Amino acid sequence: MKNIIFDLAGVILNLNLERDTKALLSVGLPDFAGCVKHPGIVAALLPYLNGLCTKEAFIDAARPFCREDVTDEEILWAMDAVLDDVPLERIEMLLELKKKYRVFLLSNIYEDAWQHTIKQFEKHGYKPEDCFEHLFLSYEMNLAKPDPRIYQQVFAEAGINPDETAYFDDSRENIEAGKALGLHSYLVSMNKLEEAIKECSL
């Protein structure tokens, strides 16, 4: 194994589903699972979270499902409430892995969530670039997992062989897409990257 590709949310960046549920309910939306199951909401939600539509387009699409008096800022706040911290120990683990492997980040993410992530690294005196050779972010690439094209773009730009690459993600759908393209794919339980790393003996 020569390379490692990490997902971000739920893998590097911890998520707080309890806080997220309270925030979503407070603006009149269901919890995250309920949003994903609702055809009208998820049609706007996933493109926004993947950075493939504007804030304005998301707010316009989500507003009919929110309380009448909710503000644009409150809707966006509810979306961000799930975002938590990046533990120092995880950053230190990434730095150690970088000594032995080429390490990359591949994330479905919107710009505000990425700015939150940068602040979590800076809190500990680091930048994401300290831990990753290259940052592949969906909102910059205009592609999102599990679309095979985003993985293929990573392979091409990074010059890596998928058969020499470990891939960690907390989405089963994304893991299956990675496997289909030849990656050694490992499903991460939310916020428990360290356990997945131990299991694959990196």
Side-chain angles (χ1 to χ4, degrees), residues 1-16 49-52 82-111 113-202:
M1 209 64 64
K2 297 180 180 178
N3 320 292
I4 310 175
I5 298 173
F6 289 106
D7 178 36
L8 178 63
V11 177
I12 303 298
L13 173 72
N14 283 339
L15 299 179
N16 188 324
L49 294 182
N50 292 345
L52 303 181
V82 72
L83 306 172
D84 207 2
D85 66 329
V86 178
L88 176 59
E89 295 79 9
R90 194 166 293 153
I91 294 174
E92 292 172 341
M93 181 188 71
L94 291 171
L95 293 171
E96 284 301 310
L97 288 170
K98 196 179 178 186
K99 293 176 182 178
K100 298 170 57 180
Y101 306 94
R102 298 179 68 199
V103 180
F104 302 91
L105 184 72
L106 173 59
S107 175
N108 286 359
I109 196 166
Y110 56 106
E111 188 170 5
W114 179 241
Q115 293 305 315
H116 172 91
T117 301
I118 291 172
K119 290 176 184 175
Q120 299 310 305
F121 275 84
E122 290 177 341
K123 198 167 65 171
H124 300 297
Y126 293 96
K127 299 179 294 184
E129 292 85 352
D130 295 327
C131 298
F132 303 102
E133 181 177 327
H134 194 106
L135 307 167
F136 292 97
L137 310 175
S138 63
Y139 82 90
E140 293 181 342
M141 300 169 75
N142 293 313
L143 286 170
K145 299 174 288 184
D147 188 330
R149 292 176 298 169
I150 196 169
Y151 298 94
Q152 291 162 347
Q153 187 169 328
V154 171
F155 302 157
E157 290 189 23
I160 61 176
N161 181 345
D163 190 49
E164 299 173 342
T165 306
Y167 169 47
F168 294 87
D169 201 302
D170 66 338
S171 161
R172 190 172 298 279
E173 187 177 15
N174 294 345
I175 284 295
E176 293 303 321
K179 281 183 181 177
L181 292 169
L183 290 168
H184 297 269
S185 303
Y186 301 92
L187 184 65
V188 179
S189 297
M190 185 180 294
N191 303 341
K192 295 182 179 179
L193 174 61
E194 292 74 12
E195 292 182 8
I197 292 286
K198 286 179 184 177
E199 287 177 8
C200 70
S201 303
L202 282 178

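Predicted model only: the values in this text are computed from it and were never measured. Numbering starts at 1 and runs along the sequence shown.
Summarising the geometry, atom CD belonging to Glu96 is positioned 11.0 Å from atom SG belonging to Cys131; distances are rounded to the nearest 0.5 Å. Leu181 contributes atom CG, which lies 13.0 Å from atom NZ of Lys179 (distance to the nearest 0.5 angstrom). Between the CG atom of Leu135 and the OG1 atom of Thr117 there is a distance of 10.5 Å, given to the nearest 0.5 Å. Note that the CD1 atom of Ile160 and the CD1 atom of Ile5 stand 4.0 Å from one another [nearest 0.5 Å]. Residue Ser107 holds its OG atom at 5.5 Å from CG of Asp7, rounded to the nearest 0.5 Å. Atoms CD1 and NE2, on Ile4 and His184 in that order, are 12.0 Å from each other to the nearest 0.5 Å.
Of all heavy-atom pairs spanning Asn161 and Asn3, the tightest one is O-ND2, 4.0 Å. Shortest non-hydrogen contact noted between Ala196 and Leu187 is CB-O, 4.5 Å. Nearest heavy-atom pair across Pro162 and Phe155 is CB-CZ, 3.8 Å. Looking at every heavy atom in both residues, Glu133 comes nearest to Lys98 through N-CE, 4.4 Å. Counting all heavy atoms, side chain and backbone alike, Ser185 lies closest to Ile175 at OG-O, 3.5 Å. Closest non-hydrogen pair, Asn191 versus Arg90, comes out as O-NH2, 3.2 Å.
Ser138 contributes a side-chain N or O that, together with a main-chain N or O of Ile109, makes up a donor-acceptor pair within less than 3.5 Å. When atom types are taken as modelled, the side chain of Ser189 and the backbone of Lys192 share no donor-acceptor pair closer than 3.5 angstrom. Between the His124 side chain and the Glu92 main chain, no donor and acceptor come within less than 3.5 Å of each other. Asn108 places no side-chain N or O within 3.5 Å of a backbone atom of Leu49 that could act as its donor or acceptor partner. Formation of a donor-acceptor pair under 3.5 Å by the Lys145 side chain with backbone atoms of Asp169 is not found in this model.
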Task: CA sep, side-chain torsions, deciding dist, call: Glu173, Glu176, side chain to side chain contact (heavy atoms under 4.5 Å, CB included) - done: CA-CA 5 Å; Glu173 187 177 15; Glu176 293 303 321; 6.0 Å; no

- [ ] Show the numbers, then the answer: is there a side chain to side chain contact (heavy atoms under 4.5 Å, CB included) between Phe104 and Thr165?
- [x] CA-CA 10 Å; Phe104 302 91; Thr165 306; over 6 Å; no

TODO: Carefully, step by step, assess Ile197 and Val188 under the rule side chain to side chain contact (heavy atoms under 4.5 Å, CB included).
DONE: CA-CA 9 Å; Ile197 292 286; Val188 179; over 6 Å; no

Task: Residues Ile12, Phe132; criterion side chain to side chain contact (heavy atoms under 4.5 Å, CB included); working and verdict - done: CA-CA 11 Å; Ile12 303 298; Phe132 303 102; 4.2 Å; yes

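Taking the six-membered ring where tryptophan is involved, the planes of Phe168 and Tyr186 are essentially parallel, since the angle between them stays under 30° and well short of 60°.
Contacts of Asp84 classified as side-chain contact (heavy atoms from CB on, under 4.5 Å), with partners at least two apart in sequence or in another chain: Asn14, Asn16, Arg19. Partners of Tyr139 by ring-ring contact (aromatic ring centres under 6.0 Å, His included), not counting sequence neighbours: none found. Qualifying salt bridge (Lys or Arg N to Asp or Glu O under 4.0 Å) partners for Asp130, counting only residues two or more places apart in sequence or in other chains: none.
The side-chain heavy atoms of Val154 and Tyr167, taken from C-beta on, include no pair separated by under 4.5 Å. Proximity of Lys99 to Leu95: side-chain heavy atoms (C-beta onward) are nowhere separated by under 4.5 Å. Residues Met141 and Phe136 have side chains in contact (heavy-atom distance under 4.5 Å, counting atoms from C-beta outward).
Under a cut-off of 6.0 angstrom, the local environment of NZ in Lys123 is crowded, with over 12 non-hydrogen atoms contributed by other residues, nucleotides or ligands.
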